[in-house]
Each structure stands twice: as C-alpha cells, then as structure tokens.
Amino acid sequence: MKAWLAGLEPRERMLVLAIVGVLVALLTYGMLLQPFYNQHGKLKAGVAEQRETLKWMQQSAATLRQLRGSGQTASTGLGGRSLLSVADASARNSGLGPALKRVEPEGSSGVRVWLDGAAFDSVAGWLDLMSTRYGVDIESITIESSGGPGQVNVRLTLQAPGP
C-alpha cells in the first residue's frame, strides 16, 4: 500500500489522502456520533414524557389531599348494627345469598366471609357498597376461579370502620 501511494504523483497522493480523511470522518460520525445523538433525542423525549406524568401525579395528589381534607365521606357507618349482620344482609341483598357459605366474627371489629360460586360482578358491587356506604375496609381477600365463566370463590376479612 505504501509503495502504491509513493508511486503516485504528489497531486494524486493529496487527493487520495483527502478522500481517506473524508471517509474516516464519515465513518466516525456514522458509527459513533449519530447513534449518540439518536439516543440523546430519545432520552430527551422520555424525560419530557416523565415530566408530564409527574405533573399529572402532583395535580392528582393535590386533588386527593383536598378531598381528604374536606372531611366529607360517602359512608354512613354501620348505623349501630354489627358488622356481622350488615355483611350478611348486604351480601344477600346484592344477590350473593346462594353463594354465601359462612359469615363469622374475626376479632372485635371484623368478620370473615366465605363465598362459593359467586358472580364476580356481584362480589365487586357488594364490596364497593360495603366500602362506600358503610365505610368497611377489606383487610384480606383471596379470589379464585370456581370453574364457570365469571364465577369465583372468595375468602375475605372485613374490618369495621373506626370510631
């Protein structure tokens, strides 16, 4: 290669070296700098997206704090009744009577409930009712498919609202 380059006229040699220099510069840009710039652009876009998400989360947190601070809740409490009787009656009224296998006390302010072959939508509606109307919390829950479409076996522990 050196011999071939040495055999060229000085003008041709300068032209070949200039072309080699341009090719080295293009390869350096194409293999090193362009991927770097592409990744940088993707990261900038990701940061902008994350900032939008953060802004939304901060607004939502402020709204949540405001709602919690308002002191207004939809629950009316148990109305002087025991959690056991409220859970049993409300489950039956929600169409879960045939699936209701057992309701028993759990500690001083909780109940355990067993439902077998219950419609999942009915269970979800009943739990929403217990939470919103009575202020009852779900302490633990296990949901398993019972074989039929939309049918579940549920084991849960409910906790009465605090004083």
Side-chain angles (χ1 to χ4, degrees), residues 1-75 87 91 94-96 99-102 106-107 109-162:
M1 182 76 171
K2 281 185 178 182
W4 174 78
L5 192 59
L8 294 176
E9 293 290 323
R11 193 173 193 195
E12 291 173 339
R13 203 174 313 140
M14 285 291 251
L15 184 61
V16 168
L17 291 175
I19 290 172
V20 167
V22 168
L23 287 175
V24 167
L26 287 174
L27 285 173
T28 300
Y29 178 78
M31 295 179 76
L32 297 176
L33 296 176
Q34 185 62 33
F36 172 77
Y37 289 131
N38 286 345
Q39 188 64 25
H40 182 262
K42 288 178 186 177
L43 290 174
K44 274 180 83 172
V47 167
E49 185 177 321
Q50 292 297 324
R51 283 188 176 141
E52 287 292 320
T53 302
L54 176 63
K55 183 179 176 184
W56 175 81
M57 289 175 131
Q58 289 171 334
Q59 290 172 343
S60 297
T63 302
L64 182 61
R65 280 191 297 273
Q66 182 182 12
L67 291 173
R68 281 187 179 164
S70 69
Q72 298 176 351
T73 61
S75 71
S94 296
L96 296 171
L100 189 62
K101 298 304 175 200
R102 210 160 66 186
E106 172 73 20
S109 62
V111 295
R112 296 171 98 189
V113 180
W114 284 261
L115 300 166
D116 288 335
F120 178 79
D121 292 342
S122 297
V123 172
W126 173 63
L127 291 174
D128 181 56
L129 171 80
M130 292 297 288
S131 176
T132 56
R133 182 180 293 172
Y134 301 110
V136 172
D137 292 323
I138 300 171
E139 189 172 286
S140 68
I141 186 167
T142 303
I143 301 175
E144 301 170 342
S145 174
S146 70
Q151 300 295 307
V152 292
N153 296 331
V154 180
R155 306 292 178 262
L156 64 105
T157 304
L158 299 174
Q159 194 68 36

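The shown structure was predicted, so the numbers you read here are calculated from the model rather than taken from an experiment.
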| task | May I have all residue pairs that pass side-chain hydrogen bond (donor to acceptor under 3.5 Å, both in side chains) and include part of residues 29-45, sequence neighbours excluded? | result | Y29-Q34, Q34-N38
| Just how far is it from atom CG of L156 to atom CG of L115, taken to the nearest 0.5 Å? | 6.5 Å
| task | Determine the minimum heavy-atom distance between L5 and R13, stating which atoms define it. | result | O-NE, 3.2 Å
| Shortest non-hydrogen contact between P35 and G30, atoms and distance | CD-O, 3.4 Å
| message | As an exercise, state the distance from CH2 of W114 to CZ of R102, rounded to the nearest 0.5 Å. | response | 4.0 Å
| task | Under the side-chain contact (heavy atoms from CB on, under 4.5 Å) rule, collect the residues that match up with V22, sequence neighbours excluded. | result | L26
| task | Among L96, V123, L127, find the residue that satisfies the side-chain contact (heavy atoms from CB on, under 4.5 Å) test when tested with V154. | result | V123
| task | Mind listing the closest non-hydrogen atom pair of P161 and G135 along with its distance? | result | CB-O, 3.4 Å
| field | Contact check, side chains of R51 and K55, non-hydrogen atoms, under 4.5 Å | value | no
| So which pairs with a foot in residues 136-156 pass side-chain hydrogen bond (donor to acceptor under 3.5 Å, both in side chains), sequence neighbours left out? | D116-R155, S140-T157
| message | Do W126 and V113 make a side-chain contact, defined as non-hydrogen atoms from C-beta onward lying under 4.5 Å apart? | response | yes
| request: Calculate, to the nearest 0.5 Å, the distance between atoms CG and CD belonging to L15 and E12 respectively. | output: 8.0 Å
